Amino acid sequence: MLSEMNEPGEKRSPDAADAQAVETEEPRGLVLVNTGDGKGKTTAALGTVLRAVGYGYRCLIVQFIKGSWMYGELKSIKRLEPEVEFYRMGRGFVGIVDDNLPREEHEKAARDALAFAREKLTSGGYRLVVLDEIFVAVTLGLISVRDVLSLLDARPPQTTLILTGRGAPPEVIERADTVTEMREVKHAFRKGILAQRGVDY
Ligand code: ATP
Ligand code: MG
């Protein structure tokens, strides 16, 4: 297809050809999964947001588990408004020492996040939707695998959906187009180095 657009004998650099391909192809949304126990799931999703905003695409980020998201990102996202919208759902850490909320509260928060994400996704107004830590909500039993699959069914074809979190269910991996498993080779935390500002949050 690209060669048809070239003058006979005209040589194009690969970069120019790539740029042309980007402009002429219909946008096609994908389903991406960032999972595994190594670092990089959320930050890779944010890197993709950064890339999309470069083209002026509207992006939505919904955080399912509050507390896993720290402040560096929140400040940067403010600079990316109005293209990027960020919503923090969930009711904080689940099942740890300072979690005094009844489980029903967490379940309701996760269900609300799901319904909200679904409404936004089906609006078709976004080229990229990130559902951060959604698999953690599944692992905790706050939402079901079926709920996630039903979101995939509802995705408009031109919208790319990125799902992050440890423990992506096999059914979702099966349905996704691109799946990356971050594997921990080493993490500074293991030698007692606590989370560092600007790197870990
Ligand atoms: P990041 O937000 O840095 O991309 P992530 O989304 O892959 O990390 P999460 O499971 O969401 O990882 O954990 C978020 C926080 O925990 C971050 O501060 C991250 O640096 C840290 N973290 C990630 N992986 C590990 C690990 N294997 N050991 C200890 N801490 C980790
Ligand atoms: Mg994360």
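Along the sequence shown, the residues carry numbers beginning at 1. Here the structure is a predicted model, which means the values were calculated and not measured.
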Within 6.0 Å of OH in Tyr87, more than 12 heavy atoms from elsewhere = yes
Beyond-backbone contact of [X] with [Y], side-chain heavy atoms, under 4.5 angstrom:
X      : Y      : result
Phe135 : Val33  : yes
Arg111 : Glu107 : yes
His106 : Leu140 : no
Asp153 : Arg175 : yes
Cys59  : Val130 : no
Leu152 : Leu163 : yes
Ile143 : Phe64  : yes
Leu128 : Val49  : yes

As an exercise, state the distance from [atom1] of [X] to [atom2] of [Y], rounded to the nearest 0.5 Å.
X      : Y      : atom1 : atom2 : value
Ile77  : Leu50  : CD1   : CG    : 10.0 Å
Lys41  : Ile162 : NZ    : CD1   : 14.0 Å
Leu60  : Leu161 : CG    : CG    : 10.0 Å
Phe86  : Glu81  : CZ    : CD    : 11.0 Å
Thr160 : Arg155 : OG1   : CZ    : 7.0 Å

Quick one: which of Thr35, Thr43, Asp132, Thr180 gives a side-chain hydrogen bond (donor to acceptor under 3.5 Å, both in side chains) with Thr164?
-> Asp132
Please report the shortest heavy-atom distance between [X] and [Y], naming the atom on each side.
X      : Y      : answer
Ser144 : Val138 : O-CG2, 4.4 Å
Gln158 : Arg127 : O-CD, 3.7 Å
Lys120 : Tyr126 : NZ-OH, 3.3 Å
Ala44  : Asn34  : CB-ND2, 3.7 Å

Under-4.0 Å salt bridge between Glu85 and Arg58 = yes
Please say which of Arg166, Lys39, Arg190 ends up in a salt bridge (charged side-chain N to carboxylate O under 4.0 Å, His left out) with Glu184.
-> Arg190
What's the verdict on side chain to side chain contact (heavy atoms under 4.5 Å, CB included) for Arg79 and Val53, showing C-alpha distance, side-chain angles and the deciding distance?
-> CA-CA 11 Å; Arg79 297 200 204 169; Val53 172; over 6 Å; no
Parallel under 30°, tilted from 30 to 60°, perpendicular over 60°: which one fits the rings of Tyr57 and Tyr55?
-> parallel
Do Ile61 and Glu73 pass the side chain to side chain contact (heavy atoms under 4.5 Å, CB included) test, and can you show the C-alpha distance, the side-chain angles, and the key distance before you say yes or no?
-> CA-CA 11 Å; Ile61 305 167; Glu73 293 95 321; over 6 Å; no
